Protein chains: 2
Amino acid sequence: MVGIADVARHAGVSTATVSRALSGGRNVSPVTRLRVEASAAQLGYVVSSTASSLASGRMKNIGVVVPFLNRWFFASVVEGAQQALQRHGYDLTLYNLTGGLEARRSVFEHFLLRQRVDAVIAVSLELSEHEVARLHALDKPLVGVGGPLAGVPTLTVDDLAVARLATEHLIALGHTRIAHIGGDKAFDLDFNLPTNRRFGYEAALAAAGIEARREDYRPADFTTAGGYQAAKQLLGRPHERPTAIFAASDEMAIGSLLAARDLGLVVPRDVSVIGVDDHEQAAFFGLSTVAQFPRQQGEKAVEVLMEELRPHPELRTGLNINMPFELVVRGSTARPPE
Amino acid sequence: MVGIADVARHAGVSTATVSRALSGGRNVSPVTRLRVEASAAQLGYVVSSTASSLASGRMKNIGVVVPFLNRWFFASVVEGAQQALQRHGYDLTLYNLTGGLEARRSVFEHFLLRQRVDAVIAVSLELSEHEVARLHALDKPLVGVGGPLAGVPTLTVDDLAVARLATEHLIALGHTRIAHIGGDKAFDLDFNLPTNRRFGYEAALAAAGIEARREDYRPADFTTAGGYQAAKQLLGRPHERPTAIFAASDEMAIGSLLAARDLGLVVPRDVSVIGVDDHEQAAFFGLSTVAQFPRQQGEKAVEVLMEELRPHPELRTGLNINMPFELVVRGSTARPPE
DNA sequence: ACCCGGTTTGCAAGCGATTGCAGCCAAGGT
DNA sequence: ACCTTGGCTGCAATCGCTTGCAAACCGGGT
């Protein structure tokens, strides 16, 4: 291993100077710095992150906690965060809570505590009080993405507004019989996102003077299969069939599209469908949707953290940061049948 | 911060003993160890990973390099690896190569070199000689998953056999006109997996005395949309239409299913479709497929590494480890139309 | 009582950087 | 010519833990 001492010798300076030259570079004359950099490059020197961390207390590493990795939204957030971190010279260590309660406990009781990360990004996580306490005990910056986290700055889209936008799009097209596929109980416990989307849907209907019928609401589990089932039920009744479906996620919306086809209905002639997310597959299915931008959310989370990690975090960010969303109209929505 | 010294004082022993008691626990009397553990628990002590790493040279951290995160296969491998690592008390730091050449360079020239990981898992990566050299220069264990890596122990399924299995399934059902959707040029550069699958397909046909027609092969990009396009072309010719399609991935197979429907064909009455992967969505679409088990591959990669990281890696694993695969028959394959 | 081998424990020297402090030097002011 | 000022640089302490080595201990054999 080539250490800092080797570089110092090679450049004819002290290790202190090497350290300063290679990091930040304040208080080093330009010519010295160049010499040091050249020596370092020539010797192939890379600072030992452990030694550096121990001495400085900075880890150059961010922990990202996700409930799953295998859903488009989460993977995208992680990808965005990862890329932004890389630009800043930070590593990303991933904590996945998929492994059940025991795994979850060990993350909070052990892994996050060993001084390995400078900060934590929690994606769509509903944390118990105890877990939040643990994190705060770390005394490290913490930012949330997508889940409402008590007392933690969180990036989120305004789910109510998102749902209203989607529903209003359908109303504007002339629909008056609009069904909604939302989250089921299990999801409601973890995030209150589904509930907010339902409220937004109801608010839009109410504003348009349309009555929200109980039978036009179906809970599902945010998967394509779930959306399929729900849509089959909604569309299965030949009379009294809704002319439009607003699904709380694109996966469920896609399931609805497939269900409609299987029932012999043509989208959008017989029924309109709109989702939320702008999932990878949405374009392929010609699905209208309200896009949110998870990659950007991941990136933004990193920016916020970098700001907080600055020596003097002047501009402390507020508690809730609203992320953009946007209506994307494709072929799955149109005016209702006469 | 509560440090090892505090625990030592509290337990009435030296820091050396605390260290030994909490890690491994060799050479510590049971009673002492219990006392130390109790003190540690009571004080909420967690070893500082940086200090520990610096002193011991062990990072308790594995680097995982992936080309994307947002594909089912990769995310699953990572999830599996992550879970296995967690069990062993290891962290996982993620390096994603999505960010383009510059990002890729920085991963190999900078991030991986800073002594932050004990070993590296490379998922479906085609590494340049220079990159492999860089990794070997690290002198750290390296294992590959899914991509053939020169001189590196690699877990992979036997793609030739997988393709043969799928094709033979179709042949056994009585099909003689079997099309194949494989990888396109761009993919072939990165992994030679698509090529192997094509060879397996051709081998199975040859073994059955069936001629492989050029026009029954279509390259695509491993996405649903790509599979859809390819299948439309294959099935678009009313006469001379193949009665079965073997797609090199489930995404493409699903695209084929949708294309068939859009052409007014009924699966499996008019055309059979089989894929590879056993993708999340395969069950929903009733897709027959040859399952591979990416989570298990991730887990297995970890086991292999743990073995190599042992003080005396007696049983060095061979260069290539074959992973299991399995035919899963669902509703998308049946005997050809009369 | 003494010696011996095996365990258990403590001492203290690292691990490889960072950084406060003090010294040095050159330039500018008087 | 002398002092000040401020920019560079080096010395050496420090971060918190691990581990080789040697001392202490313990029970049993002679």
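Predicted model, so just to flag it, every value in this text is computed and none were measured. Quick note on labels: first sequence line is chain A, next is B, and so on, each numbered from 1.
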Between C1' of D:dG10 and CZ of A:R9, the distance in whole Å: 16 Å
Cation-aromatic face contact A:R71/A:F74, 6.0 Å, 45 degrees: no
Residues from residues 28-52 of chain A lying under 4.0 Å of DNA chain D - heavy atoms: A:V28, A:S29, A:T32
Donor-acceptor pair between A:T17 and A:S14 side chains, under 3.5 angstrom: yes
Length of the line joining A:Q115:CD and D:dC15:C1', which is rounded to integer Å: 11 Å
Spacing of B:D6 atom CG relative to D:dC17 atom C1', expressed in whole Å: 13 Å
Residue pair B:L94 / A:V78, side-chain heavy-atom distance below 4.5 Å: yes
Donor-acceptor pair, side chain of A:S53 and main chain of A:R58, under 3.5 angstrom: yes
A:E131 (side chain) donor-acceptor with A:S128 (main chain) under 3.5 angstrom: yes
N/O donor-acceptor pair under 3.5 Å between B:D118 side chain and B:M59 backbone: yes
B:S76-A:N70 side chain donor-acceptor pair, cut-off 3.5 Å: yes
Main-chain N/O of A:L69 paired with B:E79 side-chain donor or acceptor, under 3.5 Å: yes
Sub-4.5 Å side-chain heavy-atom contact between A:N61 and B:R116: yes
CZ on B:F73 to CZ on B:F293, rounded to 0.5 Å: 12.0 Å
Covered region of DNA chain C, 5' end to 3' end, by chain B [heavy atoms, under 4.0 Å]: C:dT8 to C:dG16
Short side-chain donor-acceptor distance under 3.5 Å, A:Q297 and A:Q292: yes
Rounded interatomic separation in angstrom, taking CE from B:M1 and P from D:dT14: 17 Å
Euclidean distance, atom CG of residue A:L54 to atom C1' of D:dT18 [Å, nearest integer]: 12 Å
Members of residues 10-23 of chain A that approach DNA chain D, where some heavy atom sits under 4.0 Å away: A:V13, A:S14, A:A16, A:T17, A:R20
